[in-house]
Amino acid sequence: MSNVVVVGAQWGDEGKGRLVDWLAGEADIVARYNGGHNAGHTLVVDGKTYKLALLPSGLVRGKCGVIGNGVALDPEALLAEIARMEQLGLTVTPDNLAIAANATLVLPIHRAVDLAQEKLRREPIGTTLRGIGPAYEDKVGRRGLRVCDLAEPDLLAKKLDALLDYRNAWFKGLGLDGFSRDSMLPMLRDIAPRVLRFVRPVWAYLNEASDEGKKILFEGSQAVMLDVDWGSYPYVTSSSTIASAAATGTGLGASRLGHVLGVTKAYATRVGEGPFPTELQNEIGAMLRDRGREFGVNTGRPRRCGWLDGAQLRQSVKVSGIDSLALTKLDVLDGLDFIDICVGYEINGQRTDFLPASLAAQSRAKPVYERFMGWSQPVKGQKRFSDLPREARDFVKRVEVIAGAPLSLITTGPERNDTIVLHDPFEI
Ligand code: GDP
Ligand code: IMO
Ligand code: MG
């Protein structure tokens, strides 16, 4: 029996949420460990769509959800999302949601900093403007507020004053309005009991559950190419998004994480700025955006689209320790005459099979493609590998070789059951 960590292997939005929902059928607990409500995870179950940002996707299956210490938690966004999910028929109580006492808080001041920083940048990152980056800055700057501080009114006021001293100096220097303690403290004191009811020592809960043989599913947000170390820095998010973050972000030790399932689309997308070697700024890119409905879950921004970058995927497999891959949205390629996969790059006339760290080199990387025949029979909605057209099976088999990891799941539509199972990640 093992746990499973689900991680994005590209630039995010690979379909992690829908796979977590599928796998949650077998899990006891679903835990978020990084990011915040910059994430947008979509589940479609019997025609009903759930868009989750902070809440673990396993709640839709009635499983226990955990928000780990690695998450940047905006308490207002959390309560609003709980209200939204309750309208869709879910109930969220302390029996099915546990929040780590040591998770970092995202406050209105962080949203204001995010917006001001983006306006100031000569080359904006295209963040989600949710305040996630500035909240993580305060965490590592050792002046952040944490969930447990909500239970200590005097300490909360003192820590807030210190944070405002620091941040308001920055606002003042730019001639911008700062924040006052009086505008923030009443909101925090009002919200405190509604958040504190969910608080538990998550690390102990997960360790005990694991000792009892329960299955834990870790739900990653973002993806390897948005990782603060491994992504196309500085066009990244501000947290560690690779599988090992599931340990630091929950308190279950690295040796107990289990199988790492990387999720990749059958093509590639990116939302926000930054290098994207296989981007297609042509009618094929527009077709992928249209057929794949490639628009941000939270911000509605159009996603940039391109061919699958197999060289980047191979790199993700290594740095994130991916044991097997789930290939999503194969149906979006239905009807194409041909499909390309990038197998390496040419940079300054030199062939290389990985993306170097330098942003300048990444921006200059020209993809080297391998071309595949498209298929005429649709794969949409197919549930068995043997029912896929031969060209689609050839494509999928080649992805395994190029990526250097076996495929365990393939999805052929957004519905929960539009899923082909090659190997069950909980059983590998
Ligand atoms: P996540 O952030 O990784 O959870 O992914 P998102 O939810 O942001 O984006 C994935 C989008 O693709 C959602 O709109 C899903 O409903 C949709 N989707 C997921 N899997 C498939 C699939 O196999 N086929 C199609 N057509 N859509 C899919
Ligand atoms: P899920 O979990 C896709 C991108 C933003 C921006 C960069 C930094 O749904 O895959 P941030 O607000 O985090 O400081 O933005 O990261 N980004 C995502 N792109 N999917 C996500 O999450 C993302 N979360 C952040 O667009 O380029
Ligand atoms: Mg998403």
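Just so you know, ligand 1 is whichever comes first in the structure, and atom 1 is the first atom listed for that ligand.
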Next on the checklist: Within ligand 2, which atoms have a heavy atom of R301 less than 4.0 Å away?
Outcome noted: 5 (C), 26 (O)
Checklist entry - Can you tell me if G8 has a non-hydrogen atom under 4.0 Å from ligand 1? => result no
Checklist outcome for this item: Heavy-atom closest pair (I29 atom, Y205 atom, distance to 0.1 Å) is CD1-OH, 3.6 Å
Checklist entry - So is H41 close enough to ligand 2, meaning a heavy atom under 4.0 angstrom away? => result yes
Item to check | Atoms in ligand 2 flagged as close to K16, the criterion being non-hydrogen separation under 4.0 Å | outcome: 1 (P), 2 (O), 10 (O)
Item to check | For atom 15 (C) of ligand 1, closest protein heavy-atom neighbour | outcome: T42 CB, 4.0 Å
Checklist outcome for this item: One finds that the ligand 2 atoms under 4.0 Å from a non-hydrogen atom of G126 are 5 (C), 6 (C), 26 (O), 27 (O)
Checklist entry - How far is atom 13 (O) of ligand 2 from its nearest protein heavy atom, and which residue and atom is that? => result T237 OG1, 2.6 Å
Checklist entry - Out of R293, K51, R303, which residue meets the salt bridge (Lys or Arg N to Asp or Glu O under 4.0 Å) rule with D13? => result R303
Checklist outcome for this item: Of T241, L226, I132, V228, the residue with the heavy atom nearest atom 16 (O) of ligand 2 is L226
Checklist entry - Considering only protein heavy atoms, which is closest to atom 19 (N) of ligand 2, and at what distance to one decimal place? => result V271 CG1, 3.3 Å
Checklist entry - For ligand 2, which atoms have a heavy atom of Q222 less than 4.0 angstrom away? => result 1 (P), 2 (O), 10 (O), 22 (O), 23 (C), 24 (N), 25 (C)
Next on the checklist: Show the atoms of ligand 1 that are less than 4.0 angstrom away from any heavy atom in R303.
Outcome noted: 8 (O), 9 (O)
Next on the checklist: Between S320 (side chain only) and I322 (backbone N and O only), is there a donor and an acceptor less than 3.5 Å apart?
Outcome noted: no
Checklist entry - Just which atoms of ligand 2 are under 4.0 Å from any heavy atom in W11? => result 3 (C), 19 (N)
Checklist entry - Which heavy atom of I67 sits nearest a heavy atom of V202, and at what distance? => result O-CG2, 4.2 Å
Checklist entry - Looking at the Mg ion (ligand 3), is one of the N, O or S atoms of K16 less than 2.8 Å from it? => result no
Checklist entry - Is it true that a side-chain atom of S363 and a backbone atom of L359 form a donor plus acceptor pair closer than 3.5 Å? => result yes
Next on the checklist: Within a 6.0 Å radius of atom CD on E370, are there more than 12 heavy atoms belonging to other residues, nucleotides or ligands?
Outcome noted: yes
Checklist entry - Taking both backbone and side-chain atoms of G292, is any N or O found less than 3.5 Å from an N or O belonging to ligand 1? => result no
Checklist entry - Is there a donor-acceptor pair closer than 3.5 Å between any side-chain N or O of K63 and the backbone N or O of A24? => result yes
Checklist entry - Is G8 in contact with ligand 2, taking contact as a heavy-atom separation below 4.0 Å? => result no
Checklist outcome for this item: Atoms of ligand 1 under 4.0 Å from any heavy atom of G413, numbered from 1 in the order shown, are 21 (C), 22 (C), 23 (O), 24 (N), 25 (C)
Item to check | Nearest-neighbour protein heavy atom for atom 20 (N) of ligand 1, which is reported as residue plus atom name and distance | outcome: R18 NH1, 2.8 Å
Next on the checklist: If the cut-off is 4.0 Å to any non-hydrogen atom of V236, which atoms of ligand 2 fall inside it?
Outcome noted: 7 (C), 8 (C)
Next on the checklist: So if I count the atoms of ligand 1 from 1 in the order they appear, which ones are less than 4.0 Å from some heavy atom of H41?
Outcome noted: 1 (P), 2 (O), 4 (O), 7 (O)
Checklist outcome for this item: Note: ligand 1 atoms sitting under 4.0 Å from heavy atoms of T412 are 23 (O)
Next on the checklist: Would you call the rings of F372 and F395 parallel, tilted or perpendicular, taking 30° and 60° as the class edges?
Outcome noted: perpendicular
Item to check | Heavy-atom nearest neighbour in the protein, as seen from atom 20 (N) of ligand 2, with distance rounded to 0.1 Å | outcome: D13 OD1, 3.1 Å
Next on the checklist: Checking the side chain of T93 only, and the main-chain atoms of D95 only, is there a donor and an acceptor separated by less than 3.5 Å?
Outcome noted: yes
Checklist entry - Passes side-chain hydrogen bond (donor to acceptor under 3.5 Å, both in side chains), H110 versus D138? Steps please. => result CA-CA 9 Å; H110 295 124; D138 283 339; 2.7 Å; yes
Next on the checklist: Before you tell me yes or no, could you show the steps for Q312 and S316 under side-chain hydrogen bond (donor to acceptor under 3.5 Å, both in side chains), namely the whole-Å CA-CA distance, both residues' side-chain angles and the distance that decides it to 0.1 Å?
Outcome noted: CA-CA 6 Å; Q312 170 273 315; S316 290; 3.0 Å; yes
Item to check | Side chain proximity check, L308 to Y369, heavy atoms < 4.5 angstrom | outcome: no
Next on the checklist: For the backbone of L55 and the side chain of E81, can you confirm whether one donor and one acceptor N or O come within less than 3.5 Å of each other?
Outcome noted: yes
Item to check | Contact check, side chains of N69 and T104, non-hydrogen atoms, under 4.5 Å | outcome: no
Next on the checklist: I'd like to know if the side chain of T328 and the backbone of E14 have a donor-acceptor N/O pair within less than 3.5 Å.
Outcome noted: yes
Checklist entry - Of all the heavy atoms in R293, does at least one lie under 4.0 Å from an atom in ligand 1? => result no
Item to check | Among R289, R304, R270, K265, the one residue meeting salt bridge (Lys or Arg N to Asp or Glu O under 4.0 Å) with E294 | outcome: K265
Checklist outcome for this item: Per residue D13, nearest N, O or S atom to the Mg ion (ligand 3) is named OD1
Item to check | Full working for side-chain hydrogen bond (donor to acceptor under 3.5 Å, both in side chains) between N38 and Q222 | outcome: CA-CA 8 Å; N38 49 352; Q222 292 84 46; 3.1 Å; yes
Checklist entry - Quick one: does D114 get an N or O within less than 3.5 Å of an N or O on ligand 2? => result no
Checklist outcome for this item: Closest to atom 10 (C) of ligand 1 among protein heavy atoms sits D13 O, 3.6 Å
Checklist entry - What is the closest protein heavy atom to atom 4 (O) of ligand 1, and at what distance does it sit? => result G17 N, 2.8 Å
Next on the checklist: Tell me the protein heavy atom at minimum distance from atom 12 (O) of ligand 2, and give that distance in Å.
Outcome noted: T128 OG1, 2.6 Å
Item to check | Per-atom contacts, ligand 2 versus G272 - under 4.0 Å to a heavy atom | outcome: 27 (O)
Checklist outcome for this item: Of all protein heavy atoms, the one nearest atom 23 (O) of ligand 1 is T411 OG1, 2.5 Å
Item to check | Cation-pi, Y345 ring and K366 (6.0 angstrom, 45 degrees) | outcome: no
Next on the checklist: Salt bridge or not between E219 and K16? Use side-chain N to carboxylate O under 4.0 Å.
Outcome noted: no
Next on the checklist: So for ligand 2, is G220 a polar contact partner (N or O within less than 3.5 Å, distance only)?
Outcome noted: no
Item to check | Test applied, side-chain contact (heavy atoms from CB on, under 4.5 Å); reference residue, L325; option that passes from T264, L261, V263 | outcome: T264
Next on the checklist: Taking 4.0 angstrom as the limit and counting only heavy atoms of S221, give me the atoms of ligand 2 inside it, by number and element.
Outcome noted: 2 (O)
Checklist entry - Tell me: protein heavy atom nearest atom 18 (N) of ligand 1, and distance? => result K329 CE, 3.9 Å
Checklist entry - Looking at atom 15 (O) of ligand 2, what's its closest protein heavy atom, distance included? => result T127 CA, 3.4 Å
Checklist entry - Tell me: protein heavy atom nearest atom 26 (N) of ligand 1, and distance? => result D331 OD2, 2.8 Å
Next on the checklist: Side chain or backbone, does G40 bring an N or O within less than 3.5 Å of an N or O on ligand 1?
Outcome noted: yes
